[in-house]
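Here the structure comes first, spelled out in structure tokens, and everything after it is commentary.
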Amino acid sequence: MEQLLLVSAARYDHVRTVIAPALARGEWVVSDRFRDSTYAFQVAISDVDLEPLFAEVNEVVIGSSMPDLTIILDLQVEAASARRTLRGPESDDPSEAIRDFQSIRAGLLKLAAREPERCRIVDGDRRPDQVEEAIWREVVGLV
Ligand SMILES: Nc1ncnc2c1ncn2[C@@H]1O[C@H](COP(=O)(O)OP(=O)(O)O)[C@@H](O)[C@H]1O
Ligand SMILES: Cc1cn([C@H]2C[C@H](O)[C@@H](COP(=O)(O)OP(=O)(O)O)O2)c(=O)[nH]c1=O
């Protein structure tokens, strides 16, 4: 629960100081990870049910700054782990070794199923240029 509240506090500040002012200026905002990552990392793998707290906190934190489109780059846990190994040890987060990535992935896919209009799953198990093209198809569909 502490992590959920701490990450949410940082997001509260980020929404007000960066995201909301940019939207007010009419700019597009692209964020690498947002509320759904918090759901996956802090709620989906929690032993206690944090769903009600998450819903309440997010109403306050995100308010009207919900994304119109969320791209979920999906990859089997084993393939993601192999990529992290390739990336090398210098960027390793020691807590990642013991993370329940199956549940994290399941959490994101559950959100995508709940909100199919906003959340689009893109198969990440392809060449970078193919992934890029699939992302653009989703973005173009929005504008
Ligand atoms: N389509 C891809 N094919 C092969 N390797 C990839 C692909 N996309 C990303 N990678 C590699 O996988 C690693 C993790 O990717 P990254 O985008 O940093 O993921 P994250 O932000 O989730 O940690 C990086 O070393 C990156 O170069
Ligand atoms: C955005 C976010 C990240 N995290 C975790 C995931 C990562 O292990 C770590 C750093 O996230 P991040 O910097 O987004 O790393 P990456 O995209 O390279 O995986 O923090 C959370 O636990 N909750 C969150 O809301």
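The shown structure was predicted, so the numbers you read here are calculated from the model rather than taken from an experiment. In listed order, ligands and their atoms are each counted from 1.
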> For D49, which residues count as a salt bridge (charged side-chain N to carboxylate O under 4.0 Å, His left out) partner, sequence neighbours excluded?
Replying inline: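 Applying salt bridge (charged side-chain N to carboxylate O under 4.0 Å, His left out) to D49 gives none.
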Taking a hydrophobic cluster as the set of Ile, Leu, Val, Met, Phe, Trp and Tyr residues connected by side-chain heavy atoms closer than 4.5 Å, whether directly or through intermediates, do [X] and [Y] fall within one such cluster?
X	Y	value
V15	L53	yes
V29	I72	no
Y12	L6	no

> Short list, please: which atoms of ligand 2 are under 4.0 Å from a heavy atom of V7?
Replying inline: 25 (O)
In the protein, what heavy atom is nearest to [atom], and what distance, to one decimal place, separates them?
atom	answer
atom 25 (O) of ligand 2	T38 OG1, 2.7 Å
atom 12 (P) of ligand 2	R33 NE, 3.6 Å
atom 22 (O) of ligand 2	Q42 NE2, 2.8 Å
atom 9 (C) of ligand 2	D93 OD2, 4.4 Å
atom 18 (O) of ligand 2	R87 NH1, 4.1 Å

>> Ignoring hydrogens and geometry beyond distance, is a side-chain donor-acceptor pair present between R120 and T70 at under 3.5 Å?
In response: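 The answer is no; no qualifying pair exists.
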>> I'd like to know if E78 and R84 make a salt bridge, using a cut-off of under 4.0 Å between side-chain N and carboxylate O.
In response: no
>> Strictly below 4.0 Å, N to O, side chains only: are R118 and D36 in salt-bridge contact?
In response: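 Result for this pair is yes, salt bridge flagged.
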>> Using heavy atoms and a 4.0 Å limit, tell me yes or no: is R99 in contact with ligand 2?
In response: yes
>> Is there a polar contact between ligand 2 and R11, counting only N or O atoms under 3.5 Å apart?
In response: yes
Pairs under 3.5 angstrom, nitrogen or oxygen on both sides, ligand 1 versus protein: list them out, please.
residue, atom, partner, partner atom, Å
ligand 1, 1 (N), R126, O, 2.8
ligand 1, 3 (N), R83, NH2, 3.3
ligand 1, 8 (N), R83, NH1, 3.4
ligand 1, 18 (O), R87, NH1, 3.0
ligand 1, 23 (O), R87, NH1, 3.1

> Does the cation-pi check pass for R35 over F54, that is, NZ or CZ under 6.0 Å from the six-membered ring centre and within 45° of its axis?
Replying inline: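 No.
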>> Going by a strict under-4.0 Å cutoff (protein heavy atoms only), does atom 16 (P) of ligand 2 have a neighbour on the protein?
In response: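 For atom 16 (P) of ligand 2 the answer is yes, since some protein heavy atom falls inside 4.0 Å.
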